[in-house]
There are 2 protein chains.
Amino acid sequence: MASEGTIRAIERMFRIAEFLGTRGPVGLSAIASSLQLPKSTVYRHLRTLEGQGYVVENEEKYTLSLRFLDLGERARGQHSEHQLAAEKVGELADRTAERAQFMIEEHGRAVYVHQQMGANAVRADTYPGKRVPIHTSAAGLAILSHYPPHRIDAIIDRHGLEAMTSRSITDPETLHDRLQRTRERGYSINDQGVIEGLRAIGAPVVGPEDTVVGGLSISGPINRMAGQRLGEELPSLLLGATNELELNITYQ
Amino acid sequence: MASEGTIRAIERMFRIAEFLGTRGPVGLSAIASSLQLPKSTVYRHLRTLEGQGYVVENEEKYTLSLRFLDLGERARGQHSEHQLAAEKVGELADRTAERAQFMIEEHGRAVYVHQQMGANAVRADTYPGKRVPIHTSAAGLAILSHYPPHRIDAIIDRHGLEAMTSRSITDPETLHDRLQRTRERGYSINDQGVIEGLRAIGAPVVGPEDTVVGGLSISGPINRMAGQRLGEELPSLLLGATNELELNITYQ
DNA sequence: GAGGATCGTTTCACCACGCGAAACGCTTAG
DNA sequence: CTAAGCGTTTCGCGTGGTGAAACGATCCTC
């Protein structure tokens with residue numbers, strides 16, 4: 001875990017912060033025993049986090065502060081593509097009445113940047129900042145389909161091909177096949193690879209110099225994501241929005 | 001800045017992260033010279049952040065990763081009140097066509113938790129996680145109005161009463177007067193205290209055991225936030241939503 | 001109400017670890 | 001061809017992060 005020449009205190013701090021993020025408000029001893037760290041060490045870290053305003057203490061329970069949200073929103077707002085993508089996600093959600101999202105790749109994983117629920121959208125436990133294995137999302141597949149092979153293989157080497165359902169892609173062969181079909185078709189299909197009964201289509205958003213800035217996608221239940229709607233209507237809306245977005249990015 | 005018994009490396013790390021949050025993608029030397037830190041130190045910190053996935057490097061420029069958004073969203077989602085408040089913010093924005101928000105107090109400052117633009121809402125550079133001096137927002141004043149005096153004074157001692165416009169509250173006397181009027185009236189009014197031409201009304205959201213969980217508020221231009229609408233219509237909507245929210249929180 | 005368990009806090013001595021000056025290789029500009 | 005800038009790497013110093021242990025407060029249990 002700890003690479004060479006990196007700062008251990010900071011790595012520990014993030015372990016503590018991530019632990020606070022998964023388990024709600026929690027006390028010092030619980031953190032120390034869960035992370036197998038001495039109480040005094042955790043105490044010093046929490047005092048530091050609290051002093052910097054990144055942790056809130058309430059009745060001897062510690063919680064993450066919304067300062068992390070501040071940093072996160074700044075991270076999201078820094079790329080102008082992301083803001084332009086938000087509009088298109090809204091349009092897609094409105095016109096299809098499904099759930100639409102814009103994702104990017106970071107460190108080999110797919111990250112939700114924007115998402116919007118349409119009128120009939122199926123709920124999901126996704127939120128901005130959430131990261132999923134890149135090969136299990138339609139937007140992620142779309143992004144990969146525009147990457148050079150060595151970059152795809154590097155991601156596979158780093159993260160493997162974790163299965164989330166029985167329909168997930170699990171070996172490099174089929175992944176490359178799917179990516180090839182995605183390139184031919186112009187858009188990707190994720191058929192129940194992340195949640196049973198859920199299907200999604202995605203398209204890569206290509207910026208200047210053929211760099212992929214992210215992927216747009218539409219998700220819905222398999223009964224509505226089928227037939228002519230899946231084959232023509234939705235791809236047409238998706239590719240139309242993607243094209244407009246690419247133009248907005250290039251000529252902003 | 002550096003208190004006693006806290007970890008310097010972590011404080012430096014946040015200085016670097018916050019710097020990346022304000023200035024977009026930036027190189028190593030720019031960070032080092034701006035923060036007056038040795039290049040090798042900044043380099044080690046960036047390597048650590050990158051290794052933990054909290055910073056993304058692209059063509060020798062460093063950017064905050066959306067992992068901060070992940071942590072931030074987790075922080076926001078951890079309190080069930082916040083999720084319940086989101087609905088009410090939506091209702092208020094829809095019904096008033098203005099901008100509505102829910103804020104909480106953290107470390108003596110007011111923090112945006114949820115905000116939604118109504119159809120006629122005036123734009124503002126606010127976003128979830130943004131922090132403002134608590135006495136310059138209607139929701140913040142509403143929260144303060146339910147705090148015991150010693151807690152209010154502690155906040156004044158810590159942060160002072162910074163002015164943002166000529167109409168801002170700047171001395172403790174008038175602040176306490178305004179809070180007294182807020183208590184009598186049942187809602188607070190922020191008259192151009194943060195932006196000229198903008199007026200807002202806010203109400204405290206009180207949970208079990210008389211603890212204040214946050215504040216709801218509605219903001220709009222002074223020409224629409226006036227007369228009978230300001231005196232009756234909007235307060236009635238605001239207090240109605242607040243009351244419903246309080247019930248939802250107590251009997252969830 | 002005494003005893004025990006558990007909590008957060010504080011102390012303190014050790015030495016790993018974070019630090020920073022300097023050197024290095026590389027690219028770009030003039 | 002030189003010079004200035006960049007990110008990277010090295011390395012010895014000394015301090016700052018560490019963790020075992022003790023401490024006092026609080027909360028149960030009997």
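None of the values given here were measured: they were computed from a predicted structure. Below, chains carry the letters A, B, ... as their sequence lines are ordered, and counting in each starts from 1.
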Calculate the interatomic distance between [X] atom [atom1] and [N] atom [atom2]; express it in whole Å.
X     : N      : atom1 : atom2 : value
B:L28 : C:dG20 : CG    : C1'   : 13 Å
B:E60 : D:dC6  : CD    : P     : 11 Å
B:M13 : D:dG17 : CE    : C1'   : 17 Å
B:R8  : D:dG14 : CZ    : C1'   : 11 Å
A:R47 : C:dT10 : CZ    : C1'   : 10 Å
B:L37 : C:dG18 : CG    : C1'   : 13 Å
B:Y43 : C:dG18 : OH    : P     : 16 Å
B:L46 : C:dG20 : CG    : C1'   : 16 Å

inquiry  = Less than 4.0 angstrom between a side-chain N/O of A:H45 and OP1 or OP2 of D:dT18, yes or no?
reply    =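 So the side-chain polar atoms of A:H45 do come within 4.0 Å of the phosphate oxygens OP1 or OP2 of D:dT18, strictly under.
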inquiry  = Strictly distance-based, threshold 3.5 Å: is any side-chain N or O of B:Q78 a donor or acceptor partner for the main-chain N or O of A:L20?
reply    =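 Yes, B:Q78 side chain to A:L20 backbone: donor-acceptor pair under 3.5 Å.
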query = Which part of the nucleic acid, if any, lies within reach of A:S29 when heavy atoms closer than 4.0 Å are counted: base, sugar-phosphate only, or nothing?
reply = sugar-phosphate
task = Looking at every strand, decide which applies to A:I7 at a 4.0 Å heavy-atom threshold: base, sugar-phosphate, or nothing.
result =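 A:I7: backbone/sugar contact only, no base atoms under 4.0 Å.
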task = Kindly compute the distance separating CG (B:L216) from CG (B:L245), expressed to the nearest 0.5 Å.
result =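 If I round to the nearest 0.5 Å, the distance is 5.5 Å.
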message = What's the separation between atom OG in A:S65 and atom CG in B:L71, rounded to the nearest 0.5 Å?
response = 11.0 Å
Looking at [X] and [N], is any side-chain donor or acceptor paired with a base atom of the opposite kind under 3.5 Å?
X     : N      : answer
B:S40 : C:dA21 : yes
A:R44 : D:dG19 : yes
A:K39 : D:dG19 : no

ask   = Which nucleotide sits closest to the side chain of A:A9: D:dG17, D:dG19, C:dG8?
value =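 Side chain of A:A9 sits closest to D:dG17.
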query = Looking at D:dG7, D:dG19, C:dG20, which one has an atom nearest to any side-chain atom of B:R12?
reply =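 Out of D:dG7, D:dG19, C:dG20, the nucleotide with an atom closest to B:R12's side chain is C:dG20.
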ask   = Please, which pairs that meet salt bridge (Lys or Arg N to Asp or Glu O under 4.0 Å) have at least one residue in residues 71-84 of chain A, sequence neighbours excluded?
value =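 Salt bridge (Lys or Arg N to Asp or Glu O under 4.0 Å) check on residues 71-84 of chain A returns A:D70-A:R74, A:E73-A:R76.
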task = Using a strict cut-off of less than 4.0 Å between a Lys/Arg side-chain nitrogen and an Asp/Glu carboxylate oxygen, indicate whether A:R131 and A:E106 qualify as a salt bridge.
result = no
request  = Using the closest heavy atom to pick a nucleotide of DNA chain C for each, name whichever of B:T41 or A:V26 lands nearer the 5' end.
outcome  = A:V26
